[in-house]
Amino acid sequence: MQDIQYIGEHLLPGRLGHFFVVTAFVSAILAVLSFRKATLNPDDLSWRRFSRWSWGIHAFSLYSVIGLIFYMMTHKMYEYKYVWDHTNDSLPFKYIFSAFWEGQEGSFLLWMFWHVNLGIAVLFLAKKWAPGVMTWLSSIQVVLVSMIAGIYFADNFKMGSSPFSLLRETMNIPLFTRPDYITMIEGNGLNPLLQNYWMTIHPPTLFLGFASVSIPFCFAMTGLWMKEHTAWLKPAMPWTLFSAGVLGTGVLMGGAWAYEALSFGGYWAWDPVENMSLVPWLILLAGLHANFISRHTNHSIKTTYIFYLMAFLLVVYSTFLTRSGILGEESVHAFTQMGLEWQLVSFIFIYLGLGTYFIVSRNKSIPVVKKEELMQSREFWMFVGALILAFSSILISFTTSIPVWNKLIDVYGSIVGKGDMTAYHKAMPIDPVDHHNRFQLWIAVLVTVISSIGQVLRFNAMGWDVHKKRFWKHMAISAGISLVLSYLLSLWIDLRSWQYYVLLMAASFGFVSNLTYIVSFVRQKFTSWASPLSHAGFALMVIGIMVSGLNKRIISENRFAQEGLAEGLNAGENAFLIKGMPMYMNGFWVTYHTDTLVGLTRKYAVEFLKLGEKGDTLEHFTTHPNILYDRKMTKVATANPNTKRYLDRDVFTYVAGLPPEKQDVANVEKIDSALDYKTFYVRSGDSIQVGEYTIRVDSLMLGTKHNGYDPIENDLVVSADVAVHPTADVKEKSADTMAVQSKSAVVKNKRTQFIHPTLFVRKGLLYGLSDQVNDYNLRVRLKASTIDSLLPLDDNLQYEPLVISQGGSIHWKDLLITMKGIDKKIDHPNYKAEEGDIAIQGVFEITGKNGITHAARPLYFIRDGRGLNMKAYIPDLALHIRIESIDPKKEEFHLAVAKSMADPKVAIEIAEKAPRNDYIVLEAILFPGINLFWAGSLIMLFGIFLGLYKRLRKA
Amino acid sequence: MPFLILALMAAGVILLISASKDMSTYNSFAQVKAASEPSKVVGILAKDKPMYYDAEKDPNLFKFFMTDQSGELHEVTLHSAKPQDFELSEQVVVTGQFEGDEFVASSILMKCPSKYKNEEVLVRSNM
């Protein structure tokens, strides 16, 4: 391809960006080297200064990279692939952050951003440990920067994916042969599922959590490296607590987001990406406990090393699983492959190698206590607890890594030359929730019980002979209270098998024991509440999980349809709701009342009513699930649930389906063209018979009552008032009786319904709005080609003069025209008053052949000395009236009247078997006690942060 | 303590073996039919074949056709609402079992290319 001179590209930001990425990379390498020197030569101030400068330059480079990308995004520079991929012209500014980290490069930058800030904090806070910790942190940064480097080696070997690549460099399409391609492109935009506030807060929190795991790891590696195996344990702990708190919050936010915005109705799905964000957190907690033990005794130092190393490696492994695309067929979060696999795998192995090397080579020098932990010591139980957490992680990772095992089998197969190994591949469990719960239930039992025991014991079993009485007393009281609590809860919770009874008792015990510990042992010292609060919070979480999971009820479930289905398969969780029609489901009367369009969102109002035996109201609320259209308003982009929250339960509602015509504008055309329309020519007042129904055109009018019509100025609108009723129904019920509905099963409405097929002219284009009676499956529209007779051009009319006075009547053709008077109050729709105007409207009544009287109010006004008028048009009579002039002396009005049709008829088209368009498919789930889960998790996190505060205060 | 660790490791191995029993495999329709227990089938959505969903008749009955990896075309029944934008998916992974000649899925994982940038949507029904 010859060199094309492209017009309008902004290449400077990209070039600057590349420059800063390279600077960040080089300065990170320099930081590693200089921090290392500073660690080995603590008294040499020059290395200290140089290393801090390196980090400063590294930080500045990364901030610049981030700033440049934001600049490119806010200025809509679609020549850059990253900007094109994640933004577009209509992206609301508040989602710019979400767009930034929607892609891999952005999330890597977010990770690096946090590392930079944490590094700065380390430099300020970690005192003598800073150089060592920073050596390791800088090394991690080197690897991370390489992920976005976008540097080519030897032609086809690429290191990293740069966010500054130009779109035309990454795609080879004919568009880029045009020098002015930039005027023709617009961005792809942010995935509609990510256009909410969660995408703004969850990733930064989660990534800060991930990034902060590096710090205890770096402390541990420094301790190993420098062979100082005890001194680092104290300064590291606050960082561990910070990390555990933030990462825990991040994971929980993910659950809250899933609960609020996703349709599966829950907060945790044991999805691989969810699992791999949880596992590092569990291992980090195990490390925290080991760290805690080693602070107070000399046990578990090696354990602490191993856990901190594993926690970091698992963060890297987690990012590998998420980004490499290896999860392909198994996860909702699986992203595209980016060609980064070899880098991500190397990332794991570099640190696995370094960690293993240092642990093995320093093994001899790590202090080990010969004496075993006593069973009556706190450290014994904490150690067991840490092992249980590790257990849990192994079980979760094992299943989650199935795609990795498959890949390894493939690698083995290719080495050994066995060929296609897909026969040996395994897939995820059929029911991952059931699978994981089976094991994690026992983990939860052990954690809640062990944490209670360990809490009340002392390190090194200090003073056991005296303390043991207090210990057993506490255990007995807690056991007693928790049995009562379990009993009470068992009345509420649907415990389906003995395992759940065990879990309930364990969780109750954990909750009660930790709280009574606070009351009996540490109530004076608030900061010492940290640990028992965390464990009580966790126990409460478990109770919340049990209630909301076991007592979960699908309100919208159709139990009657279960008949004849195999066991294990349900009839379905969705209900079909017709607008305005209450439907009884599982104790509730549910009515879909209205829907309102606000911007790109259509909000539905769904009312729930639960009546008691005496007809008293037990529950009454309305939820507002909504759907979001794409920016062209042609189809539904996504549906968002809405949850009614009570203190003791939540009702989750979600629009799972819509009529095809409401889902996608393309379906309107498709369905409409498949209908068989029959044309009828009728006069106002005439009735037609179609199928079982009588259709009567009551009148033709200007304007319309069609509620799908949005008025815009200068529209010309004509519509028909049409009444439809079953022919068999001789008595016509008035519209007022519609209000009273009998609460029985869905019955077809045997009453007259009124519809308003409409035609309107907007900016020279003709639009038709059909209307339908859903209950009768009838769709009616005005024949579009008759628009000229419905809204005839004034020039084509043959006006005839007519003179009339107020109060007078004249017969004209087959009409009786009576002038009632004049009205100074003007309501002519086309008239815009100007200063100096003198205007009046004539009040006329015109009676046609059939005796029906119509009103007409032609307008006459004087402006700048000229007499002007606006006509009144009665479509039913095809009559046009103008006031040409007024003779004030004779008190006569000179009219011009015209009849555009000798026999005014309207062409109406009717189709039977029109599919309903007035329903929603609703999913409604009841989650009792779910607030216990949120409350428990918040208490747990509060406990962790309280622990952090305690240690910061001490320092 | 070493005894405890050994005991835990033994328990761990036993649990992992138990866990691995839960693993499933990707099969073809023919294999699933023969096995008569739930399994997963990976395949391509047959877009030229009709998809059935009539919310008014039954909001929880959705049928479509897919071709498994052995090339066999078969209809899949899902007792749930039609997932949004289902027509856009290309590759689908269904989990389910045969009831007579009917393949009834308990969940579908859809892969929608380009529009959602290769992200995937998991539809879980009745879980």
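Each chain gets a letter, A, B and so on, in the order the sequences are listed, and its residues count up from 1.
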Heavy-atom closest contact (A/Tyr919 atom, B/Ala55 atom, distance): CE1-CB, 3.5 Å
Atom of A/Ala575, atom of B/Pro59 and distance for their closest heavy-atom approach: C-CG, 4.1 Å
Verdict with reasoning, B/Lys40 to A/Ile430, per side chain to side chain contact (heavy atoms under 4.5 Å, CB included): CA-CA 7 Å; B/Lys40 296 192 181 211; A/Ile430 298 285; 4.3 Å; yes
Interface moiety of B/Thr25 toward chain A, non-hydrogen atoms closer than 4.5 Å: both
Top contributor to chain A interface from B/Gly96, B/Gly12, B/Ala19 [non-hydrogen pairs under 4.5 Å]: B/Ala19
Donor-acceptor pair, side chain of B/Gln84 and main chain of A/Val636, under 3.5 angstrom: yes
Exceeds 12 heavy-atom contacts within 6.0 angstrom, atom NZ of A/Lys670: no
Euclidean distance, B/Thr95 OG1 relative to A/Met428 CE, rounded to 0.5 Å: 11.5 Å
Taking every non-hydrogen atom, the tightest pair across B/Met23 and A/Phe398: CE-CE2, 3.5 Å
Largest heavy-atom contact set with chain B, pairs under 4.5 Å, which of A/Met375, A/Arg438, A/His425, A/Gln663: A/Arg438
B/Ser24 (side chain) donor-acceptor with A/Pro429 (main chain) under 3.5 angstrom: no
Value rounded to 0.5 Å, distance of CG in B/Asn60 from CZ in A/Phe576: 12.0 Å
Pairwise side-chain contact, B/Ser18 with A/Phe439, heavy-atom cut-off 4.5 Å (strictly under): yes
B/Tyr52 atom OH, over 12 foreign heavy atoms within 6.0 Å: yes
B/Leu15 vs A/Trp442, side chain to side chain contact (heavy atoms under 4.5 Å, CB included): CA-CA, chis, key distance, verdict: CA-CA 11 Å; B/Leu15 286 175; A/Trp442 297 108; over 6 Å; no
Check: B/Ser80 main-chain N/O paired with A/Asn574 side-chain donor or acceptor under 3.5 Å: no
Most chain B-contacting option - heavy-atom pairs closer than 4.5 Å, from A/Asp434, A/Val921, A/Leu922, A/Ile388: A/Val921
